[in-house]
Amino acid sequence: MNLVVLTGAGVSAESGVPTFRASDGLWEGHRVEAVATPEGFAANPALVQDFYNQRRRQLATVHPNAAHRALADLAARWTGEFLLVTQNVDDLHDRAHADTPPAPGFELIHMHGELKKARCTASGVVCDWAGDLAPAHASPHHPRGTLRPHIVWFGEIPLEMERIEAALARCDLFVSIGTSGAVYPAAGFVQLARMAGARTVEINLEPTQGARLFDEGVYGPASETVPGFFGTL
Ligand code: OAD
């Protein structure tokens, strides 16, 4: 049986990583356009680098929770294909899987990039990055390049879309965990899974606006609902 799981900010919320869509419309006190668009970066690189430097530093203070661990346990025992697609730029899935090595059919894709990576603006080379980035950080990969966060900003194309869509086209079960379904293309994955004839399940704190697109909904905190749901598979 082939499985695709999509995760969003809700899976990391109980680890202490804030979700995006707070009622004030701000993201940690900033307008989204200021810190999550190419135009925002061009206008004020110091602000944007500092914003992601802070997020990167925060990773040292958070840890995978029971939902991340339940997905890692599932990946270790799943015998079919299992694609875990996360919209999260934190490294909590990666850390959970490092503790519990996955079976060969498993793959993790960070479709919106990763805080722990940087990208050269001239060559496109992506490298691991653990520290801070300066406003015009010289790139080791190209004489005219600078390093930017390896984050997909609004107006940019999410990563690995071909592989994700191919996996959705052959999946038997699609589970969407802790995402509001407000951002495309991830919000459209449930329709692609339905077209493939998959069973579709939403796991969230509460029904989202797109809840009716799913066959089933499981509602409550991810640290309880995710181990509960996958424990029965
Ligand atoms: P949102 O902040 O839009 O949605 C978070 C979802 O998690 C909501 O539906 C909550 O109900 C749910 N939630 C919160 N706490 C939960 C818990 N403890 N257990 C289960 N569910 C919980 O976050 P995303 O949908 O991930 O893009 O946002 C999608 C994208 O928008 C992000 O990847 C980001 C942002 O702009 C980029 O950074 C490129």
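Counting starts at 1 for both ligands and their atoms, in listed order. No hydrogens, no waters, no symmetry mates; every other heavy atom, side chains included, goes into these values.
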Q) Should the pair Asp132-Arg57 be classified as a salt bridge under the 4.0 Å nitrogen-to-oxygen rule? A) yes
(Q) Need the ligand 1 atom indices (1-based, order shown) with element for anything under 4.0 Å from a heavy-atom of Gly8. (A) 26 (O)
Q) Taking non-hydrogen atoms only, is His112 closer than 4.0 angstrom to ligand 1 via side chain, backbone, both or neither? A) side chain
Q: Using a strict cut-off of 4.0 Å, indicate which atoms of ligand 1 neighbour a heavy atom of Ala13.
A: 15 (N)
Q. Based purely on interatomic distance, does Trp153 place a nitrogen or oxygen under 3.5 Å from a nitrogen or oxygen of ligand 1?
A. no
Q) Does any N/O atom on Glu206 come nearer than 3.5 Å to any N/O atom on ligand 1? A) no
Q.
Using a 3.5 Å cut-off on N or O atoms only, is Ala222 in polar contact with ligand 1?
A. yes
Q) Parallel, tilted or perpendicular: which fits the ring planes of Phe174 and Phe214, with parallel below 30° and perpendicular above 60°? A) parallel
Q. Short question: side chain of His112, backbone of Pro158 - any donor-acceptor pair under 3.5 Å?
A. no
Q: Measure Ala9 to ligand 1 on non-hydrogen atoms and call it side chain, backbone, both or neither using the 4.0 Å cut-off.
A: both
Q. Are Arg31 and Glu33 close enough for a salt bridge, meaning some N to O gap below 4.0 Å?
A. yes
(Q) Under 3.5 Å between any N/O of Thr179 and any N/O of ligand 1: does that happen in this structure? (A) yes
Q | Option with minimal heavy-atom separation from atom 15 (N) of ligand 1, where the choices are Val32, Leu205, Ile177 | A | Leu205
Q. Can you list the ligand 1 atoms lying under 4.0 Å from a non-hydrogen atom of Gln87?
A. 29 (C), 33 (O)
Q) Do Phe20 and ligand 1 have an N or O pair less than 3.5 Å apart? A) yes
Q.
With respect to Thr208, determine whether any N or O atom, backbone or side chain, lies less than 3.5 Å from an N or O atom of ligand 1.
A. no
Q) Hey, does Pro221 sit under 4.0 Å from ligand 1 if you only count heavy atoms? A) yes
(Q) Parallel, tilted or perpendicular: which one describes the rings of Trp153 and Phe41, with boundaries at 30° and 60°? (A) tilted
Q) Do we get Arg55 above Phe51's six-membered ring, with its NZ or CZ under 6.0 Å from the centre and within 45° of the axis? A) yes
